Amino acid sequence: MAETPERAYFEPDEIVRSQNGGGKTFADILTGRLSRRGLLKAGFLAGVAASPLARALAREESFDDGLGFAPIAPTTVDRIQVPEGYRAQVVVRWGDPIKAGAPAFDPEKQSPEAQRQQFGYNNDFIGFLPLPFGSQNSSHGLLAVNHEYTNAELMFPVAKPTDMSEAQTRTSMEAEGFAVVEIKLDDQGEWQVVQESRYNTRYSATSTFEVTGPARGHDRLKTKRDPSGRTAVGTFANCAAGKTPWGTVLSAEENFQDYYANSAAVTDARETRSHERYGIPKEASEYGWERFWPELDLKIEPHGPYQHGWVVEFDPYDPDWTPKKRTSLGRFRHEAATTYVAKNNRVVMYSGDDARFEYVYKFVCDRPYQPNNREANRDLVDEGTLYVAVFNEDGTGEWRPLKHGHGPLTAENGFKDQGEVMIDVRIAADLLGATKMDRPEDIEVNPVNKKLYLVCTNNTDRGKEGTATTDKMNPRSENKHGHIIEITEADDDHTATTFAWEMFMVCGDPADEATYFAGFDRTKVSPISCPDNVAFDAKGNLWIATDGMSKTLKVNDAFYAVPVQGPNRGRLQMFMASVPAAEVCGPEFTPDGTTVFLAIQHPAEGSKHGEFTTLWPDGAGLPRPSVIAIRAEDGRVIGSKPAGASRRDLLGLNR
Ligand code: FEO
Ligand code: CA
Ligand code: CA
């Protein structure tokens with residue numbers, strides 16, 4: 001019997017129609033798709049062997065994603081699990097001394113002074129920067145790590161943040177920000193921290209930063225502490241990040257609003273509009289730091305919140321270089337700051353605003369990157385154009401420039417200059433008609449196919465009364481599992497202002513009709529929910545870390561591999577399972593792909609102090625967020641087939 005040819009593109013409107021009762025169900029639509037292998041077997045290609053479609057399908061069929069490991073099953077056990085033949089080790093834990101002479105971790109005696117010399121809390125982004133600079137060394141380098149937030153109830157014997165003493169609060173302030181740690185692979189294949197390293201350093205909520213770009217010196221950056229508006233105090237809520245081609249790191253400040261208090265005291269209408277749009281609390285903050293740090297209290301410093309929500313550039317190779325808050329990249333809840341060298345050495349950066357119904361942004365530097373002149377790239381990021389994404393339901397999209405004087409971004413609408421556009425970029429993006437997405441988390445460029453993968457982690461508010469309804473880009477109401485969109489910039493030029501997109505994955509339990517794995521047979525994939533950070537291996541396979549599966553699927557968060565090309569496009573395989581109530585962040589491969597680093601964040605979150613759901617990694621004392629490294633026992637590339645084994649030999653990989 002003749003079979004229907006597979007369509008090249010998934011039609012997201014069918015999902016919407018199905019949800020609206022328009023006839024077909026998810027299952028009808030998704031299982032109705034014929035696999036590429038099925039097409040070949042059915043002889044569909046025989047009569048059209050010379051057609052571009054046939055050639056493309058044949059290429060896909062012969063594509064080898066190189067993966068070959070036995071996926072592990074979803075789990076709730078209190079242990080890091082990796083496939084057979086792999087080992088996971090803890091590299092560095094919260095409280096480990098990283099500066100020469102720093103005190104050992106003592107949970108009873110943590111102090112701000114000790115914490116400032118130790119590894120911070122809630123590790124998120126991880127960047128591996130080889131030593132020496134410019135090399136591809138995969139056995140010696142610097143780990144640049146973000147410390148996103150603190151869990152008072154896990155760190156200290158308190159029930160909530162406002163129970164913290166002044167010393168505990170100040171310790172928390174030193175536990176956020178970012179860290180640089182030199183590490184070396186030893187003869188046993190274990191990573192060791194080089195504690196005496198001159199590179200090892202910490203930046204925290206009390207460090208001082210230079211403000212650069214369009215908002216430098218702006219009236220709204222002027223504070224009682226610095227009337228020039230050229231510096232900012234503190235970095236916190238540092239979530240994901242990105243490495244630049246010139247070997248610095250762009251650290252993204254995400255949920256900065258939770259640290260501020262008393263926006264109700266602000267009377268200026270323009271500023272009130274801003275604080276409301278950014279969700280600055282009317283009264284007390286989430287963390288209670290303002291009790292001991294007045295700059296976080298808008299009654300005392302109404303301009304405080306303009307110092308945060310930026311991307312901070314720091315140089316792991318140069319601890320003496322003052323990190324810069326790059327206001328050209330806009331102020332929002334930045335999740336990630338991914339760079340990519342586009343055509344003609346123009347550098348672009350992608351960043352999502354991780355909140356419900358927020359936007360996706362791209363920045364294009366004006367000047368080209370100079371590969372052989374590190375100094376010339378120092379301030380490249382200060383000049384360029386920030387764009388916001390508009391997704392059209394027909395699978396096309398547009399990047400609209402956030403430029404003062406263009407379109408509605410004028411003084412009449414409250415934007416007196418470019419600095420103001422960057423400070424209130426959410427409001428500017430509203431006026432440009434940007435598309436409201438389901439919590440954009442990571443967005444990364446696949447080095448092999450050059451497409452972007454945009455991770456929308458979830459949005460349980462979509463479709464609720466008074467919110468945006470579903471659309472083709474965000475096809476589920478009350479979306480608790482998230483989805484991943486694949487974006488192709490026009491002509492594969494990442495500086496382009498138009499793009500095409502298609503749905504790559506609609507996450508969930510495969511038994512649930514609403515899941516969709518790029519057309520792959522749903523019975524052959526691992527369940528996944530709440531995708532967050534992603535990375536790519538050298539073959540262009542997408543690796544996904546999750547945040548929230550203990551709530552949605554009642555299993556531990558995990559780390560997966562999924563091919564985006566070839567016959568296994570969409571086939572998810574779980575590579576690592578985390579411990580209870582701990583998200584997995586920061587996937588980072590060494591240049592040779594033989595180590596993957598993962599950040600295990602907030603183990604035991606949701607527990608009461610002393611009644612922890614896990615005491616990972618020590619098994620005693622306190623749970624400690626830590627960076628782990630996973631390597632194969634035989635040193636092969638992570639996820640790859642063992643030497644001599646065929647794919648069919650591997651459990652779970654028979655096709
Ligand atoms: Fe900090 Fe959006 O995760
Ligand atoms: Ca995240
Ligand atoms: Ca997260």
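Given the structure is predicted, the values throughout are model-derived calculations rather than measurements.
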Spatial distance of atom CG (D547) from atom CD (E605) [nearest 0.5 Å]: 8.0 Å

Would you confirm whether S351, through its side chain, and A336, through its main-chain N or O, come within 3.5 Å as a donor-acceptor pair? yes

So, D318 versus Y199: side-chain donor-acceptor pair below 3.5 Å or not? no

I'd like to know if the side chain of D537 reaches the main chain of N541, judged simply by a donor and an acceptor atom lying under 3.5 Å from each other, with no hydrogens or angles considered. yes

CD of Q601 to CZ of F125: how many Å apart, nearest 0.5 Å? 14.0 Å

Run the side-chain contact (heavy atoms from CB on, under 4.5 Å) check on L250 and T339 step by step: do they pass? CA-CA 9 Å; L250 296 170; T339 63; 3.7 Å; yes

Start with the C-alpha gap between Q136 and D592, add the side-chain angles, then the distance that decides, and say whether side-chain hydrogen bond (donor to acceptor under 3.5 Å, both in side chains) holds. CA-CA 8 Å; Q136 295 289 300; D592 68 0; over 6 Å; no

Check: T212/R230 side-chain N/O donor and acceptor closer than 3.5 Å: no

Does any donor atom in the side chain of T171 or Q115 lie under 3.5 Å from an acceptor atom in the other side chain? no

Not counting sequence neighbours, which residues clear side-chain contact (heavy atoms from CB on, under 4.5 Å) with N344? List them please. R346

With ring pair (Phe, Tyr, Trp, His ring centres under 6.0 Å) as the test, pick out the partner of Y259 among W293, Y287, Y149, Y278. Y287

Counting N and O atoms only, with roles assigned by atom type, does the side chain of E444 sit under 3.5 Å from a partner on the main chain of T338, one being a donor and the other an acceptor? no

Presence of salt bridge, K451 and E486, under 4.0 angstrom: no

Among Y453, F597, F589, the one residue meeting ring pair (Phe, Tyr, Trp, His ring centres under 6.0 Å) with W543: F589

NZ/NE/NH1/NH2 to OD/OE distance under 4.0 Å, R439 and E441: yes

Between Y121 and W94 (judged by ring centroids, cut-off 6.0 Å), do the two rings come close enough to count as a pair? yes

Note: V584 and S578 closest approach over all heavy atoms is CG2-CB, 3.6 Å

For the rings on F178 and H147, is their centre-to-centre separation under 6.0 Å? no

Full working for side-chain contact (heavy atoms from CB on, under 4.5 Å) between M437 and V360: CA-CA 8 Å; M437 304 300 290; V360 178; 4.2 Å; yes

For E182 and H140, what are the C-alpha separation, side-chain angles and deciding distance, and is it a side-chain hydrogen bond (donor to acceptor under 3.5 Å, both in side chains)? CA-CA 8 Å; E182 182 178 340; H140 186 195; 2.7 Å; yes

With under 30° as parallel and over 60° as perpendicular, where do the rings of F256 and Y260 fit, or are they tilted in between? perpendicular

Spacing of T457 atom OG1 and E583 atom CD [to the nearest 0.5 Å]: 8.5 Å

Does E588 use its side chain to pair, donor to acceptor, with the backbone of F128 at less than 3.5 Å? yes

What residues form a ring-ring contact (aromatic ring centres under 6.0 Å, His included) with F133, not counting sequence neighbours? Y317

Assess the side chains of H303 and T223: does a donor N or O sit below 3.5 Å from an acceptor N or O? no

For N146 and N238, which I'm curious about, is there any donor-acceptor pair between the side chains at under 3.5 Å? no

With distance as the sole test, does H483 use its side chain to make a donor-acceptor pair with the main-chain N or O of M473 at under 3.5 Å? yes

For a quick check under 3.5 Å, do D557 and T546 share a side-chain donor-acceptor pair by atom type? yes

Gap separating the CD1 atom of I98 from the OG1 atom of T201, nearest 0.5 angstrom: 7.0 Å

Could you tell me whether R170 sits above the aromatic face of W289, with NZ or CZ closer than 6.0 angstrom to the six-membered ring centre and within 45 degrees of the axis? no

For atom NZ of K343, decide whether the heavy atoms of other residues, nucleotides or ligands shown that lie under 6.0 angstrom number more than 12. yes

So, the side chain of R331 versus the backbone of P305: is there a donor-acceptor pair under 3.5 Å, distance only? yes

Ion pair present between R326 and E313, side-chain N to carboxylate O less than 4.0 angstrom? yes

Just by distance, do the side chain of D353 and the backbone of Y359 share a donor-acceptor pair under 3.5 Å? no

Please say whether the positively charged group of K325, taken as NZ for Lys or CZ for Arg, lies over the ring of F209, i.e. under 6.0 angstrom from the six-membered ring centre and within 45 degrees of the axis. yes

State the CZ-CG distance between R93 and N123, to the nearest 0.5 angstrom. 12.5 Å

Please determine if R426 forms a cation-pi arrangement with F332, meaning its NZ or CZ atom is less than 6.0 Å from the six-membered ring centre and no more than 45° off the ring axis. no

Mutual orientation of the aromatic rings belonging to Y203 and F314 [parallel < 30°, tilted 30-60°, perpendicular > 60°]: tilted

Please check if the side chain of N533 supplies one atom and the backbone of P587 the other of a donor-acceptor pair under 3.5 Å. no

Shortest non-hydrogen contact from S529 to C507? CA-CB, 4.3 Å

Under the side-chain hydrogen bond (donor to acceptor under 3.5 Å, both in side chains) criterion, do S274 and D424 qualify, and how do the steps go? CA-CA 6 Å; S274 177; D424 284 334; 2.6 Å; yes

Whether the D438 and N479 side chains hold a donor-acceptor pair (N or O, under 3.5 Å, no angle test) is what I'd like checked. yes

Before giving the answer on salt bridge (charged side-chain N to carboxylate O under 4.0 Å, His left out), spell out for K324 and D379 the whole-Å C-alpha distance, their side-chain angles and the decisive distance to 0.1 Å. CA-CA 9 Å; K324 314 278 188 269; D379 296 315; 5.8 Å; no

Indicate whether the side chain of R116 and that of T206 have a donor and an acceptor atom separated by less than 3.5 Å. yes

For the pair N122 (side chain) and H602 (backbone), establish whether a donor and an acceptor sit closer than 3.5 Å, ignoring hydrogens and angles. yes

Do the charged groups of R202 and E174 touch, with an N to O distance under 4.0 Å? no

Nearest 0.5 Å, please: how far is SG in C530 from CE in M549? 8.5 Å

What do the steps show when you test T150 against E176 for side-chain hydrogen bond (donor to acceptor under 3.5 Å, both in side chains), and what is the final call? CA-CA 7 Å; T150 41; E176 297 197 17; 3.0 Å; yes

Step by step, work out the side-chain contact (heavy atoms from CB on, under 4.5 Å) result for E190 and Q192. CA-CA 6 Å; E190 297 246 322; Q192 305 293 346; 3.9 Å; yes

Ignoring hydrogens and geometry, is there a side-chain-to-backbone donor-acceptor pair from Q195 to K99 under 3.5 Å? yes

Output yes when E358 and R277 qualify as a salt bridge under the 4.0 Å nitrogen-oxygen rule, no when they do not. yes

Side chains of M422 and W310: closer than 4.5 Å at any heavy-atom pair? yes

How about E286 and N255: does a side-chain donor come under 3.5 Å of a side-chain acceptor? no

Is K243 close enough and on-axis enough to W246, meaning under 6.0 Å and within 45°, for cation-pi? no

Set of residues satisfying side-chain contact (heavy atoms from CB on, under 4.5 Å) with respect to A428, sequence neighbours excluded: L402, L409, F415, V421

